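First comes the structure, then the notes that go with it.
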Amino acid sequence: MGKFIEEYFDIVVVGAGHAGCEAALACARMGLKTVVFTVSVDSIAMMPCNPNIGGSSKGHLVCELDALGGEMGKNIDKAFIQTKMLNVSKGPAVHSLRAQADKQEYVRQMRHTMENTPGLTIKQAEAAEIIVETVKEGDKEIKRVTGVKTVSGALYHCKKAVLCTGVYLKAKCIYGETSEYTGPNGLKAADHLTESLINIGLPVRRFKTGTPARVDGRTVDFSKMEEQKGDDNIRPFSFSNEPEDIMREQVSCYLTYTNEETHRIIRENIDRSPLYSGVIKGVGPRYCPSIEDKVVKFPDKERHQIFVEPEGLYTNELYLSGMSSSMPEDVQYSMIHSMKGFENASIVRNAYAIEYDCIDATCLKATLETKEISGLYTGGQINGSSGYEEAAVQGFMAGVNAGLSVLGKDEIVLHRSDAYIGVLIDDLVTKESTEPYRMMTSRAEYRLLLRQDNADLRLRDIGHRIGLVSDEDYDRFLEKKEQIKKEINRVRTKTAGANARVNEFLRDHGSSELTDGHGVTFANLIKRPELDYEMLAAIDDDRPELSWRVREQVNIQIKYEGYIDKQLQQVGHFKKLEGKLLPDDINYMNIDGLRLEARQKLDKIRPANIGQAGRVSGVSPADISVLLVYLERYKSEKNK
């Protein structure tokens with residue numbers, strides 16, 4: 001019998017999608033010897049579904065990731081073909097940057113970064129088994145990950161492992177009567193690791209997602225559609241870039257619609273949909289339904305928007321956003337041909353649903369380490385989330401915490417008041433999701449504080465402290481922070497007098513004039529709904545030269561000061577509850593006064609503090625009151 005390969009690493013990362021890339025890069029950049037496994041080196045950072053990064057709430061995640069030292073923001077800045085700020089008619093809390101990507105360029109740039117990162121090894125191999133040993137720590141016996149074995153039998157010893165398996169675990173692609181046991185885009189599925197996860201005690205379940213057909217751009221008539229151009233003012237995702245650094249010519253997208261004929265075709269063939277015939281067993285995402293699901297669930301809606309998005313500069317493939325489907329091939333052709341501009345369209349790739357195995361993320365700590373197995377972390381769609389951005393930030397946090405643990409440093413937990421990343425992870429590990437989780441601005445209680453424009457002000461310090469933000473970038477950040485502070489102080493103290501020039505300016509902008517002897521500070525003028533910091537440059541002769549990022553912060557922080565202060569008070573109350581830690585050895589089943597459901601849920605989730613306990617589904621405010629009383633009694637007895 002031949003010998004098996006045996007190697008030693010600090011960190012093993014399984015999977016090189018958006019989560020795996022961020023995990024592996026973070027660990028290697030922290031100085032740790034890291035290996036990342038992928039079923040295909042050509043699939044590193046692959047975008048198997050939509051050709052874009054960002055969007056509502058997802059743009060916040062990318063900016064936060066960049067502020068912490070992640071790679072996704074920098075990578076999309078290199079690979080975008082169109083960029084647009086969404087929700088600009090609303091307040092800054094929901095402004096979200098979204099960029100169309102050249103899919104191949106995105107992969108090429110990320111692969112180049114990965115291949116040229118010191119300390120990072122890329123291996124094309126399928127992980128088959130997580131090696132776990134039982135060891136003694138003091139009086140306790142604990143399970144600890146010690147390595148990962150591939151299907152070839154090769155053993156990779158490690159101190160920590162990060163699982164970022166995406167949608168590859170026992171993946172099955174389905175459309176109509178056709179079922180193929182493959183991963184996305186026809187890539188090899190990972191068929192062996194699920195059994196190992198079950199054997200080591202992780203709770204495994206089955207989820208589903210889907211993707212639309214791709215059509216040949218040469219066979220569509222764009223003149224029948226509505227052109228959708230990018231923004232004139234390009235804004236980078238990365239705080240390390242300026243608009244002039246990434247300026248380029250943009251590509252248009254297009255908008256068309258389904259119609260009554262499309263809906264008729266779907267309704268007449270709904271019995272052939274695997275979604276409705278019972279072929280698909282996995283639970284799909286509520287907020288990204290297939291077109292057949294939309295037609296069935298919204299029968300009164302006469303049409304649905306379909307965004308036509310180029311997949312890149314060097315391909316004719318078009319992505320039909322909003323038309324995810326698992327209908328049979330012939331039905332897909334009929335549906336697409338029924339829409340304006342697509343009468344003669346040729347399908348390059350059929351739409352399909354994909355089922356895959358993942359875990360119940362309530363088995364994780366807030367650090368994304370499994371509760372039962374020390375040193376085993378998970379990030380991305382294996383945790384029951386959906387989306388590239390959600391995956392990337394989880395992979396990053398899992399990788400960072402695995403790395404910090406190896407280095408003997410305190411791990412990082414971002415709270416709900418710190419970042420959208422904190423909201424996402426807290427929801428996953430605390431609330432029992434029964435479907436793929438998608439980030440939305442409405443999930444964040446403190447969204448006025450958690451804007452994408454101030455992600456660096458919230459998180460840059462942490463990124464620098466863990467060594468993933470360079471000294472150069474950090475010094476630039478500190479300078480920006482100081483400039484914001486100085487300019488806010490200046491406009492709060494500078495007064496506009498009731499002179500002819502000022503009043504003419506106010507009249508021209510539909511604002512109330514000032515009366516004699518009643519000057520007003522520039523800060524108070526900014527707070528007027530019809531005015532802002534930029535407009536006041538016309539009457540502000542002392543204004544210093546400042547970057548657009550600084551000017552933006554001055555305007556937002558002053559204009560929304562009252563609302564921001566109110567949310568900060570709410571955060572203070574929230575942090576008091578988060579500060580009330582629950583003992584690790586607490587026996588919820590023996591606490592008198594707790595309802596049975598609360599006992600069972602708390603015993604399963606094992607929340608770290610009172611705040612988190614209050615967010616567990618099935619735990620009522622009355623249960624929290626009981627817990628608070630118990631906690632005081634517990635502390636008193638401990639101190640005796």
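What you see is a predicted model; the values in this text were computed from it and never measured. Residue numbers start at 1 and run along the sequence shown.
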Checklist entry - Does Tyr420 have Arg447 sitting over its ring (NZ/CZ under 6.0 Å from centre, angle to axis within 45°)? => result no
Checklist entry - Do the ring planes of Phe207 and Tyr356 sit parallel (below 30°), tilted (30 to 60°) or perpendicular (above 60°)? => result perpendicular
Next on the checklist: Lys224: which residues meet the salt bridge (Lys or Arg N to Asp or Glu O under 4.0 Å) condition with it, sequence neighbours left out?
Outcome noted: Glu343
Item to check | Any side-chain heavy-atom pair of Glu249 and Ile81 under 4.5 Å | outcome: no
Checklist entry - So, are Asp357 and Arg206 salt-bridged, with charged N and O less than 4.0 Å apart? => result yes
Next on the checklist: I'd like to know if Glu472 and Arg476 make a salt bridge, using a cut-off of under 4.0 Å between side-chain N and carboxylate O.
Outcome noted: yes
Checklist entry - After noting the C-alpha distance and the side-chain angles of Arg549 and Glu552, does the key distance pass the salt bridge (charged side-chain N to carboxylate O under 4.0 Å, His left out) rule? => result CA-CA 5 Å; Arg549 292 190 195 273; Glu552 178 181 58; over 6 Å; no
Checklist entry - Can you list every ring-ring contact (aromatic ring centres under 6.0 Å, His included) pair that touches residues 227-250, not counting sequence neighbours? => result none
Taking distance alone, no hydrogens or angles, what donor-acceptor pairs closer than 3.5 Å link side-chain atoms of residues 212-223 to residues at least two apart or in another chain?
{"unit_1": "Arg214", "atom_1": "NE", "unit_2": "Glu311", "atom_2": "OE2", "d": "3.2"}
{"unit_1": "Arg214", "atom_1": "NH1", "unit_2": "Thr211", "atom_2": "OG1", "d": "3.1"}
{"unit_1": "Arg214", "atom_1": "NH1", "unit_2": "Pro212", "atom_2": "O", "d": "2.5"}
{"unit_1": "Arg214", "atom_1": "NH2", "unit_2": "Pro48", "atom_2": "O", "d": "2.8"}
{"unit_1": "Arg214", "atom_1": "NH2", "unit_2": "Cys49", "atom_2": "O", "d": "3.3"}
{"unit_1": "Arg214", "atom_1": "NH2", "unit_2": "Thr211", "atom_2": "OG1", "d": "3.3"}
{"unit_1": "Asp216", "atom_1": "OD1", "unit_2": "Arg218", "atom_2": "N", "d": "2.9"}
{"unit_1": "Asp216", "atom_1": "OD1", "unit_2": "Arg218", "atom_2": "NE", "d": "3.1"}
{"unit_1": "Asp216", "atom_1": "OD2", "unit_2": "Arg218", "atom_2": "NE", "d": "3.2"}
{"unit_1": "Asp216", "atom_1": "OD2", "unit_2": "Arg218", "atom_2": "NH2", "d": "2.7"}
{"unit_1": "Thr219", "atom_1": "OG1", "unit_2": "Asp216", "atom_2": "O", "d": "2.7"}
{"unit_1": "Thr219", "atom_1": "OG1", "unit_2": "Ser346", "atom_2": "N", "d": "2.9"}
{"unit_1": "Asp221", "atom_1": "OD1", "unit_2": "Ser223", "atom_2": "N", "d": "3.0"}
{"unit_1": "Asp221", "atom_1": "OD1", "unit_2": "Ser223", "atom_2": "OG", "d": "2.5"}
{"unit_1": "Asp221", "atom_1": "OD2", "unit_2": "Ser223", "atom_2": "OG", "d": "3.4"}

Checklist entry - What do you reckon, is CD of Gln104 surrounded by more than 12 foreign heavy atoms closer than 6.0 Å? => result no
Checklist outcome for this item: Applying salt bridge (Lys or Arg N to Asp or Glu O under 4.0 Å) to Lys172 and not counting sequence neighbours gives none
Next on the checklist: Keeping Gln452 on the side-chain end and Leu97 on the backbone end, is there a donor-acceptor pair under 3.5 Å?
Outcome noted: yes
Next on the checklist: I'd like to know if the side chain of Ser547 and the backbone of Val550 have a donor-acceptor N/O pair within less than 3.5 Å.
Outcome noted: yes
Checklist entry - Is it true that a side-chain atom of Ser433 and a backbone atom of Glu435 form a donor plus acceptor pair closer than 3.5 Å? => result no
Checklist entry - Can you check salt bridge (charged side-chain N to carboxylate O under 4.0 Å, His left out) on Arg458 and Asp453, steps first, answer last? => result CA-CA 10 Å; Arg458 293 183 277 118; Asp453 60 78; over 6 Å; no
Checklist entry - For Ile246, does its backbone N or O pair with a side-chain atom of Asn241 as donor and acceptor, under 3.5 Å? => result no
Item to check | Where at least one partner belongs to residues 40-59, residue pairs that pass salt bridge (Lys or Arg N to Asp or Glu O under 4.0 Å), sequence neighbours excluded | outcome: Asp42-Arg111, Lys58-Glu389, Lys58-Glu390
Checklist entry - Under the 3.5 angstrom rule, does the side chain of Asn87 hit a backbone N or O of Val94 as a donor-acceptor pair? => result yes
Checklist entry - Should the heavy atoms of other residues, nucleotides or ligands under 6.0 Å from NZ of Lys188 be counted, would the total exceed 12? => result yes
Next on the checklist: If you define the side chain from C-beta out and look only at heavy atoms, does anything of Ile44 sit under 4.5 Å from His18?
Outcome noted: no
Checklist entry - Looking at Tyr257, does the NZ or CZ of Arg303 lie under 6.0 angstrom from its six-membered ring centre and within 45 degrees of the ring axis? => result yes
Next on the checklist: Pair Glu309, Lys103 - check salt bridge (charged side-chain N to carboxylate O under 4.0 Å, His left out), show working.
Outcome noted: CA-CA 11 Å; Glu309 302 171 343; Lys103 283 188 172 183; over 6 Å; no
Checklist entry - Does Glu302 have any salt bridge (Lys or Arg N to Asp or Glu O under 4.0 Å) partners at least two apart in sequence or in another chain, and if so, which? => result none
Checklist entry - So, does Glu22 use its side chain to make a donor-acceptor pair with the main chain of Glu71 at under 3.5 Å? => result yes
Checklist entry - Quick one: ring pair (Phe, Tyr, Trp, His ring centres under 6.0 Å) partners of His337, sequence neighbours excluded? => result Tyr333
Checklist entry - Does atom NZ of Lys340 have more than 12 heavy-atom neighbours, drawn from other residues, nucleotides or ligands, at distances under 6.0 Å? => result no
Next on the checklist: With a sphere of 6.0 Å drawn around CD of Glu244, does it hold more than 12 non-hydrogen atoms of other residues, nucleotides or ligands?
Outcome noted: yes
Item to check | Results of salt bridge (Lys or Arg N to Asp or Glu O under 4.0 Å) for Glu180 - residues two or more places apart only | outcome: none
Next on the checklist: Looking at Arg416 and Asp427, is any side-chain nitrogen of the basic one under 4.0 Å from a carboxylate oxygen of the acidic one?
Outcome noted: yes
Checklist entry - Hey, is the main chain of Gly91 close enough, under 3.5 Å, to the side chain of Tyr560 for a donor-acceptor pair? => result no
Next on the checklist: Restricting to ring pair (Phe, Tyr, Trp, His ring centres under 6.0 Å), what partner residues turn up for Tyr319, sequence neighbours left out?
Outcome noted: none
Checklist entry - Under 3.5 Å, is there a donor-acceptor pair between the side chain of His60 and the main chain of Gly55? => result no
Checklist entry - If we only count heavy atoms from C-beta on, is the Val331 to Glu268 side-chain gap below 4.5 Å? => result no
Checklist entry - Taking only residues two or more places apart in sequence or in another chain, which ones pass ring pair (Phe, Tyr, Trp, His ring centres under 6.0 Å) with Phe80? => result none
Item to check | Asn75 side chain to Tyr106 backbone, donor-acceptor under 3.5 Å | outcome: yes
Checklist entry - More than 12 foreign heavy atoms under 6.0 Å from CG of Asn233: is that the case here? => result no
Checklist entry - Are the side chains of Asp77 and Lys74 in touch, meaning some heavy atoms are under 4.5 Å apart? => result no
Next on the checklist: For Asp293, is there any backbone N or O sitting under 3.5 Å from a side-chain donor or acceptor partner on Ser290?
Outcome noted: yes
Item to check | Phe37: ring pair (Phe, Tyr, Trp, His ring centres under 6.0 Å) partners, not counting sequence neighbours | outcome: Tyr156
Checklist entry - Taking only residues two or more places apart in sequence, or in another chain, which ones meet Asn50 in a side-chain hydrogen bond (donor to acceptor under 3.5 Å, both in side chains)? => result Asn52
Next on the checklist: Could you check whether any side-chain heavy atom of Asp473 comes within less than 4.5 Å of a side-chain heavy atom of Arg460, counting everything from C-beta outward?
Outcome noted: yes
